[in-house]
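The structure under discussion appears below in the form of structure tokens.
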Amino acid sequence: MEFKCLVAKESADVIILDDNFTTIVNVAKWGRTIYINIQKFVQFQLTVNVVALMINFLSACISGELVNIALMINFLSACILGSGLLTVVQLLWVNLIMDTLGALALATEPPNEGLMDRPPVRRDVSFITKAMWRNIIGHSVYQLAVLLVLNYNGKQLLRLTGSDATAILKTFIFNAFVFCQVLFEV
């Protein structure tokens, strides 16, 4: 009998060391919490990356830096040379900060009591749900609209004049992009 228990322990994903039913409930609750937190993190990361990609792509297209859409090399060079809306350093900074803060904020969310009222997630259900796609697309469109309005009408809206108006506007747009991500995370 001991051999069968040992084989079962070695092949199991989770081993519960006591016979208390509340331990089983806590394991299920924490498992569901981790699943939901991973979903939130993936949704957040997809939104950040979709907005970063689209804002650089659209700004390169509109500004004439991307003449032939089939040649993605022009798009990449526009990003690398800094003629896109966000520079490479800014994109790397956003990814570093958003990955770290997003992981910390979403991974440390404790379970709530309503989790056990939900039915279990079936194996054939998509990890990214329709509601998640709706949130990703909705937030991406909102952020793109805000950033494009700032990019093309920002000097008039913010009443920027002088030789450093473009640098101030680019900094403002970068900060607006970061704040959009932070507010989306909250």
Side-chain angles (χ1 to χ4, degrees), residues 1-58 79 85-148 150 171-186:
M1 189 68 172
E2 282 184 26
F3 178 71
K4 292 179 183 178
C5 289
L6 184 62
V7 170
K9 282 182 180 180
E10 289 179 4
S11 65
D13 291 331
V14 177
I15 299 172
I16 301 172
L17 298 176
D18 62 4
D19 294 335
N20 194 350
F21 186 71
T22 57
T23 304
I24 296 171
V25 171
N26 282 334
V27 167
K29 192 185 303 184
W30 276 100
R32 290 180 181 193
T33 300
I34 291 169
Y35 182 81
I36 291 170
N37 287 343
I38 292 171
Q39 278 186 318
K40 289 178 184 179
F41 182 73
V42 167
Q43 176 181 323
F44 175 74
Q45 287 300 313
L46 282 175
T47 303
V48 169
N49 291 314
V50 164
V51 172
L53 177 70
M54 291 304 297
I55 196 69
N56 275 317
F57 181 75
L58 291 174
C79 291
L85 188 57
L86 298 173
T87 66
V88 173
V89 174
Q90 288 174 332
L91 289 173
L92 289 172
W93 179 251
V94 166
N95 271 331
L96 177 70
I97 296 300
M98 293 304 152
D99 287 347
T100 305
L101 294 178
L104 285 175
L106 297 176
T108 57
E109 189 172 320
N112 60 15
E113 294 302 321
L115 284 176
M116 297 309 288
D117 295 334
R118 296 174 55 178
V121 178
R122 295 189 336 253
R123 289 180 185 250
D124 60 340
V125 174
S126 176
F127 180 72
I128 301 176
T129 63
K130 290 180 182 179
M132 288 173 66
W133 280 118
R134 183 191 68 229
N135 289 337
I136 291 167
I137 292 168
H139 283 280
S140 296
V141 167
Y142 168 73
Q143 291 176 26
L144 283 171
V146 167
L147 296 174
L148 287 173
L150 285 173
T171 303
F172 188 85
I173 291 170
F174 173 70
N175 286 322
F177 177 67
V178 171
F179 282 124
C180 282
Q181 306 314 320
V182 170
L183 293 176
F184 173 61
E185 188 176 335
V186 174

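Nothing here was measured: the structure is a model prediction, and the numbers come from that model.
- Once rounded to the nearest 0.5 Å, the distance linking CG of Leu46 with CH2 of Trp133 reads 6.0 Å.
- The line from NZ of Lys40 to CG of Asn135 is 11.0 Å long, rounded to the nearest 0.5 Å.
- For the atom pair CZ (Phe177) and CZ (Phe172), the distance works out to 15.0 Å, reported to the nearest 0.5 Å.
- Here Gln43 contributes atom CD and Gln39 contributes atom CD; the two are 8.5 Å apart, rounded to the nearest 0.5 Å.
- A side-chain contact (heavy atoms from CB on, under 4.5 Å) with Gln45 holds for exactly one of Asn49, Val42, Thr47; it is Asn49.
- Residues Gln143 and Val146 are not in side-chain contact: their nearest non-hydrogen atoms beyond the backbone lie 4.5 Å or more apart.
- The closest side-chain heavy-atom distance from His139 to Val50 is not below 4.5 Å.
- Here the closest non-hydrogen pair linking Pro110 and Thr33 is C-CG2, 4.1 Å.
- The salt bridge (Lys or Arg N to Asp or Glu O under 4.0 Å) test applied to Asp124 returns Arg122, not counting sequence neighbours.
- For the pairing with Tyr35, the ring-ring contact (aromatic ring centres under 6.0 Å, His included) check across Phe41, Trp30, Phe127 returns one residue only, Phe127.
- A 4.5 Å side-chain heavy-atom check between Lys29 and Asn26 finds at least one atom pair inside the cut-off.
- Distance CG/Asn112 to CZ/Arg32: 11.0 Å, rounded to 0.5 Å.
- Within the 4.5 Å cutoff, no side-chain heavy atoms of Ile173 are placed close to those of Ile55.
- Among residues two or more places apart in sequence or in another chain, the salt bridge (Lys or Arg N to Asp or Glu O under 4.0 Å) test is passed with Arg118 by none.
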